[in-house]
Amino acid sequence: MFYLKDVKLSNFRCYESYYQEFSPNINIIIGDNAVGKTSLIESVYVLAVTKSHKSTSDMELIKYNADFCFVKGTFIDDKKTEVVFSLSSKGKQIVKNAKKVKHLSEYVGFFYVVMFCPEDLELIKGAPSSRRKFLDINISQLNNNYLESLIKYKKILKDRNLLLKDLAENKRFDSELLPILTEQLVNEGKKIVSFRKEFIARINKFFMERVKSISNNKEIVRIEYCPSCDEENMSKAFKEKEKLDLLTKTTNCGPHRDDFVIYFNDKETCYASQGQQRTFALALELALIDLIKEKSDKIIVVLDDVFGELDIQRQKELIKLLEIEYQIFITTTSIDHLDDEILKNSKVIKINKDGE
Ligand SMILES: Nc1ncnc2c1ncn2[C@@H]1O[C@H](COP(=O)(O)OP(=O)(O)O)[C@@H](O)[C@H]1O
Ligand SMILES: [Mg+2]
């Protein structure tokens with residue numbers, strides 16, 4: 001089984017210097033609010049994805065008033081692998097087994113973290129941007145080409161929006177550059193839409209199964225992709241929106257406006273009860289594990305602040321679903337609500353104030 005044996009943190013979030021060994025099975029990280037539980041598991045996430053699961057800016061990972069941070073992890077399966085993530089104002093770097101990784105996109109996918117957290121509910125009832133983030137992070141983890149297209153797309157989009165602004169402010173509508181940027185954007189955009197289409201079709205299959213079994217066949221669900229414009233018609237859609245783009249100084253169609261909708265019993269999930277919404281969010285992450293499993297067995301599961309909230313029966317069920325195969329990290333403020341049997345088989349890691 002693949003697992004993370006230990007981490008060493010330096011100037012990472014609230015940790016100045018910290019070392020911790022982990023169990024290959026269940027690790028329960030316990031401590032009051034704001035002591036650094038999420039930060040510790042965020043370091044595991046960073047080793048997988050090379051960025052934070054919550055901040056948009058990498059620099060937030062560096063401890064206040066420090067100018068660099070690093071996370072070093074030792075992974076075990078049939079052999080030992082050492083990974084060091086480091087970050088400073090000069091940028092970030094991954095060193096794997098003492099060798100510097102040239103392109104981060106080549107590294108991402110070494111192992112996978114599937115994170116269950118309270119924010120998952122946003123996938124069900126939140127804004128489209130949370131669902132796009134879910135797509136981007138997970139498809140990037142699974143496919144380097146997607147990540148490359150996404151990075152290119154974002155850069156071209158930024159250039160195009162700057163140009164639109166510039167043209168509008170100078171009342172010029174005769175740019176030669178605009179059609180060139182549009183074509184480049186459409187090229188990358190088509191690839192992104194095609195990856196997303198495939199991913200959603202695949203995760204949909206697992207999601208339906210998971211919800212069926214969790215709800216005892218009561219809920220029939222499906223996920224439907226809603227691209228802002230389809231692959232085939234993307235050029236045309238951009239042409240049609242060009243006037244509006246110039247007027248509004250921004251790009252009004254393309255994958256950066258995509259969304260997906262989850263239906264249950266043919267209704268949209270905004271009509272679901274709290275309990276149903278939680279079930280769907282949970283099932284979506286479980287479906288993600290199913291999907292990743294087809295590609296790799298190097299998966300680490302993180303349950304951040306979602307476990308103590310479940311009743312004992314559900315805790316047992318969830319652990320049963322995961323335990324045999326994966327290393328698990330659970331964060332919680334109190335062990336009082338945890339099942340004794342689960343506790344007995346876990347390593348409990350107590351965190352005091354500010355990562356002490
Ligand atoms: N870059 C940073 N430098 C120092 N402290 C930080 C940084 N980012 C966050 N923190 C602080 O770290 C503490 C721990 O946060 P967190 O790990 O989310 O706690 P928990 O999950 O235990 O509630 C918080 O007080 C937060 O303000
Ligand atoms: Mg937390």
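Counting from 1, the numbers follow the sequence of the chain as shown. Every number for a ligand or one of its atoms is a count from 1 in the order of the listing.
Ordered by chain and number, Thr38 OG1 make up the set of protein N, O or S atoms under 2.8 Å of the Mg ion (ligand 2).
The shortest non-hydrogen separation linking Leu4 to Gly73 is CD1-CA, 4.0 Å.
A salt bridge links Lys298 to Asp77: one of the charged nitrogens lies within less than 4.0 Å of a carboxylate oxygen. A salt bridge does not link Glu341 to Lys344: none of the charged side-chain nitrogens sits closer than 4.0 Å to a carboxylate oxygen. For Asp297 and Lys293, the salt-bridge test fails: no basic side-chain N is under 4.0 Å from an acidic carboxylate O.
When heavy-atom distances to ligand 1 are checked against a 4.0 Å cut-off, Glu60 comes that close only through its backbone atoms N, CA, C and O. By the criterion of a heavy-atom distance under 4.0 Å, the side chain of Lys54, and not its backbone, is placed next to ligand 1.
Looking at Arg13, Glu42, Lys37 and measuring to atom 7 (C) of ligand 1, the nearest heavy atom belongs to Arg13.
A donor-acceptor pair shorter than 3.5 Å cannot be found between the side chains of Glu16 and Tyr18. Looking at Gln277 and Thr269, their side chains never bring a donor and an acceptor atom within 3.5 Å of each other.
Residue Thr38 has at least one heavy-atom neighbour below 4.0 Å for each of these atoms of ligand 1: 17 (O), 18 (O), 20 (P), 21 (O).
With sequence neighbours left out, the side-chain contact (heavy atoms from CB on, under 4.5 Å) criterion links Lys72 to Lys8, Phe70, Glu82, Val84.
By the 3.5 Å distance cut-off applied to N or O atoms, Asn33 is not counted among the residues near ligand 1. Any N or O atom pair closer than 3.5 Å counts here, and Ile62 shares at least one such pair with ligand 1.
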Open item on the list: salt bridge (charged side-chain N to carboxylate O under 4.0 Å, His left out) for Arg196 and Glu198? Distances and angles first, verdict last.
Closed with: CA-CA 5 Å; Arg196 287 181 179 173; Glu198 192 209 328; over 6 Å; no

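In this structure a side-chain-to-backbone donor-acceptor pair under 3.5 Å is present from Tyr107 to Leu47.
Residue Gly31 places every heavy atom at 4.0 Å or more from ligand 1.
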